[in-house]
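Computed from heavy atoms alone, side chains included, the values below leave out hydrogens, waters and symmetry copies. All values reported here derive from a predicted model rather than from experimental measurement. Position 1 is the first residue of the sequence, and the numbers go up from there. Counting starts at 1 for both ligands and their atoms, in listed order.
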Amino acid sequence: MNTEPPAAAPWWASAVVYQIYPRSFQDSDGDGIGDLQGIRQRVDYLAELGVDVVWLSPVYRSPQDDNGYDISDYQDIDPLFGTLDDLDQLTSALHERGIKVVMDLVVNHTSHKHRWFTESRSAKDSPRRDWYWWRPGRDGMEPGAPGGEPTNWGSLFSGPAWEYDEATGEYYLHLFSREQPDLNWENPAVREAIYAMMRWWLDRGIDGFRMDVINFISKNVRADGSLPDGPVVSGPYGDPAQGTINGPRVHEFLQEMQREVFAGHRDAVLLVGETPGTTVEDGLLFSDRRRSELDMVFTFEHVSLDQGPGGKFDRKPLDLLDLKATLGRWQTGLADSGWNALYWDNHDQPRIVSRYGDDGRYRVESATMLATVLHLHRGTPYVYQGEELAMTNAHFTSFDCYRDIESLRYVAQSRELGHLTDDQILASLAEVSRDNARTPVQWDRSANAGFTTGKPWIAVNPNYITINAAAQRAARGSVFQYYRRLIMLRHADPVVQRGDFTMLLPDHPHVYAFSRSLNGTRLLVLGNFSGHDQQADLGQSLGDRTELVIGNYRVPASTFGASINLQPWEALVIREPG
Ligand code: TEU
């Protein structure tokens with residue numbers, strides 16, 4: 001880290017986290033899949049960017065049905081990525097550069113190949129039977145027949161959330177794919193095994209965890225062991241949310257985890273929860289320091305605003321007023337005792353420049369505007385690999401380009417239901433498939449963008465010839481250089497780290513405006529979310545000592561009156577000293 005954080009604020013108030021999706025970051029051995037030694041080759045790039053923490057998406061041993069989010073051994077590395085020794089070397093290389101390492105923790109479910117599950121499924125009286133959610137079929141229904149599932153829940157990856165297992169005549173629960181059975185956290189032995197595994201990783205020297213769907217671990221189980229059906233909103237299945245999200249014991253489990261795993265480590269580690277379906281009220285409970293659960297959580301509200309009633313693949317345009325209202329609510333709601341994790345992109349979301357920006361004519365302007373708005377909020381910003389280069393969506397036009405299990409299952413289900421044409425399915429995949437974020441990082445203009453000497457596991461975006469790290473590192477005014485400046489700003493400026501947040505112009509349809517203030521100093525942040533000039537009427541003149549802190553156009557500070565003209569996708573941060 002560049003600067004010491006102020007004593008009162010936790011270290012991560014002035015930190016920026018960088019997410020690596022190892023499969024697509026850098027290949028070192030020519031098999032077309034990124035690996036740990038590949039990441040090690042790029043640590044100086046990360047140091048140059050200036051990030052404080054690296055979060056590694058899963059590298060554990062896994063059959064890779066969901067690219068590592070299906071773990072078969074929590075205490076080993078998948079040979080695709082390397083060895084435990086490679087991980088230790090990478091951790092040391094990052095630590096030497098002052099960069100912390102956060103591991104992904106996927107403990108709502110395991111792989112169906114995990115020993116715990118193979119033992120569990122082997123017999124009804126297996127000592128591990130109760131480590132997962134086994135249930136008989138619905139009363140009066142033939143086991144294994146459609147509709148015989150214990151509840152009507154749909155899985156998040158299409159199809160039912162229960163899989164019938166002939167060997168013992170019961171069903172097991174899988175909120176994700178059938179290769180990802182849900183662990184039964186009601187069983188104390190499960191929790192103890194997970195805590196022991198987490199302690200083992202801390203002892204190995206890692207600096208925290210990003211906890212996958214951690215608010216799914218407590219199910220809403222009735223006293224008789226049954227689980228509730230969910231409302232059927234769209235499609236053939238019921239929504240499992242009420243029975244599975246933010247369940248009755250989730251806070252108890254996290255507080256227990258704090259006591260069992262993090263006692264004595266509390267201030268050094270970073271704990272960020274991935275929490276779909278979480279409201280501001282829940283977010284506050286998770287991140288309130290006094291409750292000792294998590295440091296911050298990823299909300300999904302601001303990345304669901306372009307989603308129609310049919311769910312993720314049902315697309316509608318973003319209304320900027322919704323985005324401001326949503327992020328504004330999270331800023332206000334967590335102002336006193338909670339903390340926000342700030343993100344646009346990750347390995348599950350389409351690229352933000354293609355989504356809320358313009359990846360054509362104004363790619364550079366819109367990417368830097370979006371970055372400015374995000375990084376100036378109160379919270380800890382996350383940068384997903386390639387976001388700092390304004391990498392775009394994949395723009396795939398045929399089904400055989402896709403690799404992601406969620407996308408492929410969605411295609412299969414949609415074709416089976418027959419409501420959509422192939423062109424319609426392809427159009428929604430092109431907008432929102434997770435593979436948009438998973439194409440290889442574009443390092444330079446050489447073959448395969450410098451990602452691999454072999455055949456990449458997923459196509460490289462052909463725009464790598466112009467959009468790549470080598471070009472941007474060298475160029476003033478590049479998106480990469482702009483991200484560096486934003487990161488330096490967070491390191492250096494207490495107003496960015498700790499200032500209060502006030503939303504301005506909430507009804508302006510195209511301008512995102514807010515201020516941050518601390519001890520009389522105010523930062524005014526303006527972002528134009530359109531490809532046209534926009535006027536921001538602030539109602540009061542800015543003082544005459546204002547200065548431009550950062551912006552993505554060259555504008556002299558003296559032009560800031562009560563009304564500011566913003567050029568297409570322009571971002572401005574203006575300081576008014578106290
Ligand atoms: O994702 C959880 C999640 O709910 C979604 O973001 C999901 O990816 C999907 O897009 C919903 O439509 C986490 C991981 O980030 C994701 O990669 C995994 O596939 C999933 O959990 C299961 O482990």
Output all residues satisfying side-chain hydrogen bond (donor to acceptor under 3.5 Å, both in side chains) with E252, sequence neighbours left out; order by chain, then residue number.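 Listed in chain order: R249.
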Among residues at least two apart in sequence or on other chains, which ones pass side chain to side chain contact (heavy atoms under 4.5 Å, CB included) with L284?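 L284 satisfies side chain to side chain contact (heavy atoms under 4.5 Å, CB included) with L334, S337 only.
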My understanding is that only residues two or more places apart in sequence, or in another chain, count here; which of them pass ring pair (Phe, Tyr, Trp, His ring centres under 6.0 Å) with F298?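 W55, Y343, Y382.
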Is the shortest distance from a Lys or Arg side-chain nitrogen in D314 or K316 to a carboxylate oxygen in the other one below 4.0 Å?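 No, this pair does not count.
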Mind checking whether Y172 and Y132 have ring centres under 6.0 Å apart?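 No, the ring centres sit 6.0 Å or more apart.
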Contact residues of ligand 1 (heavy atom under 4.0 Å), by chain and number: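 Correct list: D66, Y69, H109, L156, F157, F176, Q180, R210, D212, V213, E274, P276, F300, K312, H347, D348, E406, R434, R438.
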Would R403 count as a cation-pi partner of W457, with NZ or CZ less than 6.0 Å from the six-membered ring centre and within 45° of the ring normal?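 Checked: cation-pi criterion not met.
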